[in-house]
Number of protein chains: 4
Amino acid sequence: MTPSRPMRADARRNRARILAAAEEVFAERGAAASTEEVASRAGVAIGTVFRHFPTKRDLLAAIMKLLRRRLVDRADALIADGDPATAFFDYFTYLVESSAEIGTVVGALAEEGTAVEPGEQIKALTQAFGALLAAAQEAGAVRPDARLDEVMALVTATAHGALAAGWSADLRRRTLGLVLDGLRPR
Amino acid sequence: MTPSRPMRADARRNRARILAAAEEVFAERGAAASTEEVASRAGVAIGTVFRHFPTKRDLLAAIMKLLRRRLVDRADALIADGDPATAFFDYFTYLVESSAEIGTVVGALAEEGTAVEPGEQIKALTQAFGALLAAAQEAGAVRPDARLDEVMALVTATAHGALAAGWSADLRRRTLGLVLDGLRPR
Amino acid sequence: MTPSRPMRADARRNRARILAAAEEVFAERGAAASTEEVASRAGVAIGTVFRHFPTKRDLLAAIMKLLRRRLVDRADALIADGDPATAFFDYFTYLVESSAEIGTVVGALAEEGTAVEPGEQIKALTQAFGALLAAAQEAGAVRPDARLDEVMALVTATAHGALAAGWSADLRRRTLGLVLDGLRPR
Amino acid sequence: MTPSRPMRADARRNRARILAAAEEVFAERGAAASTEEVASRAGVAIGTVFRHFPTKRDLLAAIMKLLRRRLVDRADALIADGDPATAFFDYFTYLVESSAEIGTVVGALAEEGTAVEPGEQIKALTQAFGALLAAAQEAGAVRPDARLDEVMALVTATAHGALAAGWSADLRRRTLGLVLDGLRPR
DNA sequence: AATGAATGAGCATTCATTCAT
DNA sequence: GATGAATGAATGCTCATTCAT
């Protein structure tokens with residue numbers, strides 16, 4: 001309950017390094033990669049990793065939070081930017097293209113049995129995506145009966161698919177085209 | 001070579017039990033589940049599992065083969081059955097609905113680095129699906145420019161998505177609706 | 001105590017095959033080779049091996065017995081043959097040259113903790129070698145103070161050394177020369 | 001590379017304990033003894049053994065290095081000491097007497113197929129022994145035509161023999177006498 | 001706070017041996 | 001007697017997590 005004094009400077013630096021290393025390592029090696037590997041890539045000792053993230057789960061969750069924030073930021077930028085019709089499709093495409101980063105982590109957590117709490121971050125993402133969707137529907141670029149949860153499901157699916165199956169860039173573009181066509185008004 | 005006389009009755013029974021148990025266990029716990037768990041669920045000793053499948057990989061691969069055969073059989077049944085327009089969409093839906101079974105295993109193998117030989121089984125599946133697609137396009141039920149690889153990609157994606165994200169039955173149905181709409185002629 | 005009826009013909013044939021296979025396998029792969037390998041090389045099922053030799057130990061012991069008999073036979077032949085001076089040295093050399101066969105088995109048994117009972121066979125070998133030694137000493141070809149147990153020890157040592165260290169044929173010949181020189185009268 | 005600061009005190013203590021335990025265990029039980037046994041005899045957990053020696057092979061190799069160093073040290077001491085004639089024979093005897101320690105390990109490694117790199121250690125040993133031999137020959141205590149490799153072979157053989165066959169102290173002394181006689185000038 | 005050594009449960013795999021067929 | 005499937009203890013090794021330094 002005490003506000004717990006602000007982190008020491010080196011501690012904060014280490015936390016960041018660890019997160020960066022973890023992102024790299026898990027993206028490369030899958031979630032089976034060892035925490036030790038993360039530590040050494042971050043240039044810290046294993047104990048330091050566990051001081052910051054008491055559990056491997058916690059580390060994975062933290063990465064996810066990070067990724068989500070990035071995604072949300074991008075959505076906000078697109079919303080602020082302009083043309084609603086383009087924005088929605090651009091964002092959808094962007095999400096699928098970032099899949100590799102996200103996918104591994106999501107998969108890893110799913111595999112462990114306990115999915116991470118959908119928490120605030122995902123709410124924020126959903127909200128941002130919702131805004132883009134509404135705007136696009138308003139502009140008549142997306143069929144009006146498409147609901148937000150369906151659209152979210154669709155991105156997730158396409159992203160996972162692209163990742164797990166290792167589609168070529170070409171195949172990804174074409175498949176994405178089909179998916180997006182399903183969202184356009186007839 | 002040696003004609004290798006037909007498996008003894010108890011051996012065949014055990015092999016089947018192990019496969020069934022493995023399917024269950026891996027679907028529930030992910031591919032990280034232990035072989036020991038499979039053995040005990042199958043009611044055999046650990047050595048028996050390894051006698052039938054010398055490697056965990058082999059066990060996983062065997063499950064996959066089994067699943068694929070089921071999928072192909074179903075496709076063949078639908079092809080033989082009649083109405084091409086319905087058949088294609090039914091099969092697509094069926095595949096997504098079986099996703100839980102397939103997904104884990106596929107994912108597990110992909111994660112290990114060495115995917116199982118795409119070999120005959122997947123060729124057979126692609127072929128069967130191709131026949132359904134062609135018939136549906138012929139019947140004017142599917143847009144003529146949709147290519148087989150895109151359609152395969154789409155099923156995979158939807159199936160994985162449904163699996164990993166744990167969609168509700170309702171959400172799955174609605175999302176599937178959107179996907180299939182993208183495949184219909186405009 | 002009942003004389004236990006004479007072995008069935010096929011049983012005797014199998015016993016022989018197994019022994020032959022075991023000799024091969026253990027010579028090639030060392031004593032760590034699996035009993036299963038022996039069985040398959042002999043063309044019988046694993047159960048058959050264990051029916052004839054209830055324990056891996058027993059199998060190894062049986063091989064040893066076989067080898068010893070061969071060695072004794074050779075000694076007897078040399079004794080009967082003639083020139084005592086040559087005979088002793090020839091036999092010594094012969095033993096070292098057969099080392100590969102013997103060594104593995106002996107080593108294997110030693111490794112297991114319990115050496116095989118020296119039993120009758122080894123007594124027979126010692127006796128045969130003793131005869132050769134005595135004759136050679138009589139003939140003045142070997143120093144009269146060399147005792148039988150020392151000579152036995154010497155062969156064993158040289159044989160093991162040649163085996164374990166993988167001496168070249170040339171090195172073996174030269175080293176053997178030194179050893180034998182130690183046995184000659186000065 | 002990295003200067004890699006000097007091992008922590010407890011780590012060094014454990015490393016030493018493990019090596020000592022391993023020497024004991026492998027000498028008693030042969031190389032088939034389990035790593036677990038080594039761990040428990042050393043009073044550490046199994047993980048600690050593997051942290052220090054990532055592979056059983058590595059552990060075996062480390063023991064060998066240790067033994068070799070001891071042998072070389074002894075040789076150096078004898079060289080420095082004085083009387084060349086005695087030194088050579090003393091060292092030969094010493095080597096045979098240490099055989100139990102060495103033999104098991106050497107044998108174990110040989111059996112595994114990959115002998116440890118003959119590398120520096122064995123070169124050092126050969127060299128030290130070579131110096132003793134040369135000095136002894138110079139002093140007229142050893143026949144001048146005896147070559148270093150033959151002499152090495154002879155020690156190896158005698159050591160192995162003494163070890164594997166479990167000679168009594170008396171028999172070892174007498175046999176050694178015969179061997180050494182073969183090396184004296186006539 | 002950081003370090004990195006120690007822990008020990010867990011895992012895939014092997015193999016001598018037993019026993020139903 | 002022969003077969004070969006089943007057993008299960010044992011082994012080498014990994015890795016998340018703890019804790020003394």
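Each chain gets a letter, A, B and so on, in the order the sequences are listed, and its residues count up from 1. What you see below is based on every heavy atom in this structure, not just the backbone, and it leaves out hydrogens, waters and symmetry mates.
- Within the model, atoms CZ of D:Arg69 and CE of D:Met64 stand 13.5 Å from one another, a figure rounded to the nearest 0.5 Å.
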Q) Between C:Ile46 and C:Val38, does a side-chain contact (heavy atoms from CB on, under 4.5 Å) hold up when you go through it step by step? A) CA-CA 8 Å; C:Ile46 182 69; C:Val38 172; over 6 Å; no
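- What separates CZ of C:Arg51 from P of F:dT3 is a distance of 11 Å, to the nearest Å.
- Between the CZ atom in A:Arg13 and the CD1 atom in A:Ile18 there is a gap of 12.0 Å [rounded to 0.5 Å].
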Q: Test side-chain contact (heavy atoms from CB on, under 4.5 Å) on D:Arg15 and D:Arg51 and set out the steps.
A: CA-CA 10 Å; D:Arg15 204 191 125 94; D:Arg51 160 171 271 264; over 6 Å; no
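- Comparing F:dG8, F:dA2, E:dT3 by their nearest atom to the side chain of A:Thr48 picks out E:dT3.
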Q.
So if I define the base as every atom that isn't primed, P, OP1 or OP2, how would nucleotides 9-14 of chain E read as a B/S/- string at a heavy-atom cutoff under 4.0 Å?
A. B-SSBB
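- Dashed line: the shortest gap from a side-chain N or O of A:Asn14 to OP1 or OP2 of E:dA2 is under 4.0 Å.
- Going from atom CG of A:Leu60 over to atom P of F:dC15 covers 15 Å, rounded to whole Å.
- Remark: P of E:dA5 and CD1 of D:Ile18 are 12 Å apart, rounded to the nearest angstrom.
- Put simply, CZ on C:Arg29 is 14 Å from C1' on E:dC15, counting in whole angstrom units.
- The nearest whole Å value for the distance from the CZ atom in D:Arg17 to the C1' atom in E:dT7 is 15 Å.
- When distances are taken from the side chain of A:Val44 to each of E:dA1, E:dT3, F:dA5, the shortest belongs to E:dT3.
- Atoms CD and CD, from D:Glu28 and D:Glu37 in turn, are 7.5 Å apart once rounded to the nearest 0.5 Å.
- Using a 4.0 Å heavy-atom criterion, one finds that D:Arg8 contacts the bases of the nucleic acid, with or without backbone contacts as well.
- Residue A:Thr55 holds its OG1 atom at 10.0 Å from CG of A:Leu59, rounded to the nearest 0.5 Å.
- The distance between atom CG of A:Asp58 and atom C1' of F:dA16, rounded to the nearest whole Å, is 12 Å.
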Q) What's the verdict on side-chain contact (heavy atoms from CB on, under 4.5 Å) for C:Leu60 and C:Phe53, showing C-alpha distance, side-chain angles and the deciding distance? A) CA-CA 9 Å; C:Leu60 286 167; C:Phe53 308 94; over 6 Å; no
Q) So what's the dot-bracket for DNA chain F: Watson-Crick or G-U pairs under 3.5 Å, [ ] if a pair crosses, | if it pairs off-strand? A) .||||||||||||||||||||
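- Taking the nucleotide of DNA chain E with the nearest heavy atom to each of A:Ala45 and D:Arg15, the more 5' of the two is matched to A:Ala45.
- C:Leu19 CG to C:Asn14 CG: the interatomic distance, rounded to the nearest 0.5 Å, is 11.0 Å.
- In terms of phosphate contacts, A:His52 brings no side-chain nitrogen or oxygen within less than 4.0 Å of OP1 or OP2 of E:dA1.
- Under the 4.0 Å criterion applied to side-chain N and carboxylate O atoms, D:Glu23 and D:Arg41 are not assigned as salt-bridge partners.
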